[in-house]
2 protein chains.
Amino acid sequence: MTDVLLLHPGEMGSSVGNALVFKGHGAYWISEGRSESTRLRARKASMFSEETLKAGLAKVEIVISVCPPEFAVEVADQVLEHKFKGIYCDANAVAPSTAQLIAEKFGNAYVDGGIIGPPLYRHGTTRLYVSGANAVEIVNLFAGSALDTRLVEGDVVSASALKMCYAAYTKGSSAMLLAIRSLADAHGITSTLKNEWELSQPRLWERSEGSGPGTTRKAWRFAPEMREIAKTFENSGLPSGFHDAASDVYQRMAILKDSEPVSTRKIAKLLRED
Amino acid sequence: MTDVLLLHPGEMGSSVGNALVFKGHGAYWISEGRSESTRLRARKASMFSEETLKAGLAKVEIVISVCPPEFAVEVADQVLEHKFKGIYCDANAVAPSTAQLIAEKFGNAYVDGGIIGPPLYRHGTTRLYVSGANAVEIVNLFAGSALDTRLVEGDVVSASALKMCYAAYTKGSSAMLLAIRSLADAHGITSTLKNEWELSQPRLWERSEGSGPGTTRKAWRFAPEMREIAKTFENSGLPSGFHDAASDVYQRMAILKDSEPVSTRKIAKLLRED
């Protein structure tokens, strides 16, 4: 059995911690500077608490970073300051170039990760893809758990590349749909578009209706994820505009972080307000 | 029965002409400066040929413009030079602001149009949406024909707004998918992405496989259409980047205009070549 530190357990991270606990591993989190809601989530997930990063790192063999993408490098640097000697897995939605920066700090101890699917409340919904020299350590750690963990062939940052490609479509096309609903609203043709979509684009209207409520509370963290994706396209000589625009859409919704889910009709209006 | 001039019948325009002929109307085209393939298409569609625009305009009560979007204003201006007094319907994929420019030239004789669906080889596949003071004239013209013609409520350029919103998703998301396939190829993770899509995004892999061959020969004209859509977003204070990027993707494919359909795998590589 292995002791693992999760940095920093939000909804996804605490569900990953809970999957480890269920398999008999020890899952730790660091309480210093974290919110009451994080404390509640970690407790519900049966995770062990340590006050400081130093104390937490002293207990574990593996660190898994699951945090908003804009903090990925900072979290890695904090762990490095403590001269941590175990495996460091960055499972965040970051560009391969960002993952590469972190990989270079940790050398062979670095495992790249990408999570696809919702927080793990049951088996089979969610996959952790991993790459790098010691990726098999992470596969073994989660073997038989609710988190389906799979090796990605290729270079050390392949898992991040996969995550970027996957979210590029799901979150990118949702942002595009929201922008289109806003455009239709601006021109007063929403009901005609609805009729045409229902005729020729099966399920697209329903999908657009779901996009508003479904992204209301996540848009604040989708915005930086879209910027990582835009960077990934740019680094391969491909147009970054799809995801720069998606980031812009989600940024305009970021104020809804603590709101109840908001209808697409209302978000269509919000997107055009200054 | 009404005589109508189509400017300038490509695959879509000649199928619209043929739908008119089937209802007993006269459908004209102008041969001056047009290619042999246009001549063959127009003949197959049982359209009447006139050599010059002046001669064609003298024969008809209605002009319908169906041409690549970047020529829409030029075609309108040529018709105006001849002081044409009938109905002028622009059925092109242009921004409402472009349609507005044309509308102002023709006043109440202007009907705005937007075609959704493939060229008309059978009933029920394709709709012509129309708006403007005399839009009902166009509805009456096509009544009972293979082209399902519908009024759009709203202002004079509502039909163009609808077309922009519709194509924004269909062609915009196809371009995004092609760019994602290219990104996955750049990172060597295409087969892993395929497996994940097949697991969690029903039909997305197949759609991406179809996008390359399906757009090979049309990309050259999708590129300017995407720029019209980008302009439409920008005019409403919404991010234009989705469709600037889509235009970029299709522009990189424009060299394939006369090619046989090309696989998505090959287009994925082409998109990264300079």
Side-chain angles (χ1 to χ4, degrees), chain A residues 96 116-117 127 129 150 152-155 157-159 161-162 164-166 168-170 172-173 175-177 179-184 186-189 191-193 195-197 199-201 204 208 230 232-233 235-249 252 271-274, chain B residues 96 116-117 127 129 150 152-155 157-159 161-162 164-166 168-170 172-173 175-177 179-184 186-193 195-197 199-201 204 208 230 232-233 235-249 271-274:
Chain A
I116 291 179
R127 287 154 299 287
Y129 287 92
R150 303 179 177 199
V152 191
E153 307 276 312
D155 65 20
V157 296
S158 290
L162 178 70
M164 294 290 95
C165 287
Y166 188 85
Y169 188 76
T170 52
S173 66
M176 188 193 277
L177 262 183
I180 291 168
R181 284 288 304 270
S182 184
L183 186 62
H187 285 278
I189 54 144
S191 68
T192 313
L193 183 64
N195 292 340
E196 175 57 42
W197 274 355
L199 196 61
S200 62
Q201 298 291 328
L204 192 56
S208 79
T232 309
F233 276 86
N235 289 341
S236 286
L238 289 164
S240 62
F242 295 111
H243 298 89
D244 287 329
S247 171
D248 190 348
V249 166
R252 293 180 197 201
L271 292 179
R272 297 195 312 282
E273 285 163 8
D274 267 328
Chain B
I116 291 179
R127 288 156 297 290
Y129 287 93
R150 303 178 177 201
V152 191
E153 306 276 311
D155 65 19
V157 297
S158 290
L162 178 70
M164 294 290 95
C165 287
Y166 188 85
Y169 189 76
T170 52
S173 66
M176 187 193 278
L177 262 183
I180 291 168
R181 284 288 303 271
S182 184
L183 185 63
H187 284 278
I189 54 143
T190 301
S191 68
T192 312
L193 183 65
N195 292 341
E196 175 56 43
W197 274 354
L199 197 60
S200 61
Q201 297 291 328
L204 192 56
S208 79
T232 310
F233 276 87
N235 289 341
S236 286
L238 289 164
S240 62
F242 295 110
H243 298 89
D244 288 328
S247 171
D248 190 348
V249 166
L271 292 179
R272 298 195 312 282
E273 285 163 8
D274 266 329

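To find a chain, count down the sequence lines: A is the first, B the second, and so on, and within it residues start at 1. This structure is a prediction, so every number in the text was calculated from the model and none was measured.
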Problem set entry | Option in A/Met164, A/Gln201, A/Arg150, A/His243 with maximal non-hydrogen atom pairs under 4.5 Å from chain B | A/Gln201
For this session: Heavy-atom distances under 4.5 Å only: say whether B/Arg181 touches chain A with side chain, backbone, both or neither.
Result: neither
Exercise. Which residues pass the side chain to side chain donor-acceptor pair (under 3.5 Å) test with B/Ser191, sequence neighbours left out?
Worked result: none
For this session: With the side chain counted from C-beta on, respond yes when A/Trp197 and A/Ser208 share a heavy-atom pair under 4.5 Å apart, and no when they do not.
Result: yes
Exercise. Do you know which of B/Thr170, B/Leu238, B/Leu193, B/Thr192 has the most heavy-atom pairs under 4.5 Å to chain A?
Worked result: B/Leu238
Exercise. So, the side chain of A/Arg272 versus the backbone of A/Ser182: is there a donor-acceptor pair under 3.5 Å, distance only?
Worked result: yes
Problem set entry | Which of B/Gly154, B/Ala184, B/Gly188, B/Ala179 touches chain A most, by non-hydrogen pairs under 4.5 Å | B/Ala179
Problem set entry | Residue, of B/Ser200, B/Ser158, B/Cys165, that accumulates the most heavy atom pairs under 4.5 Å with chain A | B/Cys165
Seminar exercise, completed: Highest number of heavy-atom pairs under 4.5 Å with chain B among A/Asp155, A/Leu204, A/Val157 belongs to A/Leu204
Seminar exercise, completed: Correct closest heavy-atom pair for A/Pro239 and A/Phe242 would be O-CD1, 4.2 Å
Exercise. Which answer fits B/Ala186, side chain, backbone, both or neither, if we ask what part of it has an atom under 4.5 Å from a heavy atom of chain A?
Worked result: side chain
For this session: Write down the atom of B/Ser236, the atom of A/His187, and the distance for their closest heavy-atom approach.
Result: OG-NE2, 3.9 Å
Problem set entry | When B/Leu162, B/Thr190, B/Val152, B/Asp244 are compared by non-hydrogen pairs under 4.5 Å with chain A, the top option | B/Leu162
Problem set entry | Option in B/Ile116, B/Ile189, B/Val249, B/Asp248 with maximal non-hydrogen atom pairs under 4.5 Å from chain A | B/Ile189
Problem set entry | Minimum heavy-atom distance B/Phe233-B/Ser240, with the two atoms named | CB-CA, 4.2 Å
For this session: Between chain B and each of A/Leu271, A/Leu177, A/Ile180, count heavy-atom pairs under 4.5 Å; write down the option with the most.
Result: A/Ile180
Problem set entry | Atom of A/Tyr129, atom of B/Glu196 and distance for their closest heavy-atom approach | OH-OE1, 2.6 Å
